[in-house]
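Model, not experiment: these values are computed from the prediction.
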Amino acid sequence: MTILATDRAEPEAGHWGLAGGKVDLFEPVADAVKREVAEELGIGIEPDKHDGLDWFALEAPPEPLTLAAKTAIALIRQGQTRG
């Protein structure tokens, strides 16, 4: 599942897109994720409930992966984004 949001600002107002942002210089990844999710989606998350949170290339995910993560990554690699 992917979270998409509609943009309010022109030139793409009303278009669906990925919620995202940037990591500030020297900002820890967990802090960036928490901040960006709050800014972009208006919801709070608690990354401290997990042992790890980091960026990984789609082609080189860490191991071991949950079954759900393995399935989702395989589908994304195949170009399947909808069931």
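Formation of a donor-acceptor pair under 3.5 Å by the Arg77 side chain with backbone atoms of Leu58 is found in this model.
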Taking only distance into account, with no hydrogens and no angle test, what donor-acceptor pairs under 3.5 Å do side-chain atoms of residues 23-30 form with protein atoms, sequence neighbours excluded?
| from | atom 1 | to | atom 2 | distance (Å) |
| --- | --- | --- | --- | --- |
| Asp24 | OD1 | Lys22 | NZ | 3.0 |
| Glu27 | OE1 | Asp24 | N | 2.8 |
| Glu27 | OE1 | Arg35 | NH2 | 2.9 |
| Glu27 | OE2 | Arg35 | NE | 2.9 |

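Each of Ile73 and Leu67 belongs to its own hydrophobic cluster when Ile, Leu, Val, Met, Phe, Trp and Tyr are linked at side-chain heavy-atom distances under 4.5 angstrom.
With sequence neighbours excluded, the residues that form a side chain to side chain donor-acceptor pair (under 3.5 Å) with Gln78 are Gln80. In this structure, the side-chain contact (heavy atoms from CB on, under 4.5 Å) partners of Pro62, at least two apart in sequence or on a different chain, are Phe56, Leu65.
Within a 6.0 Å sphere centred on CZ of Arg8, other residues, nucleotides and ligands contribute 12 heavy atoms or fewer.
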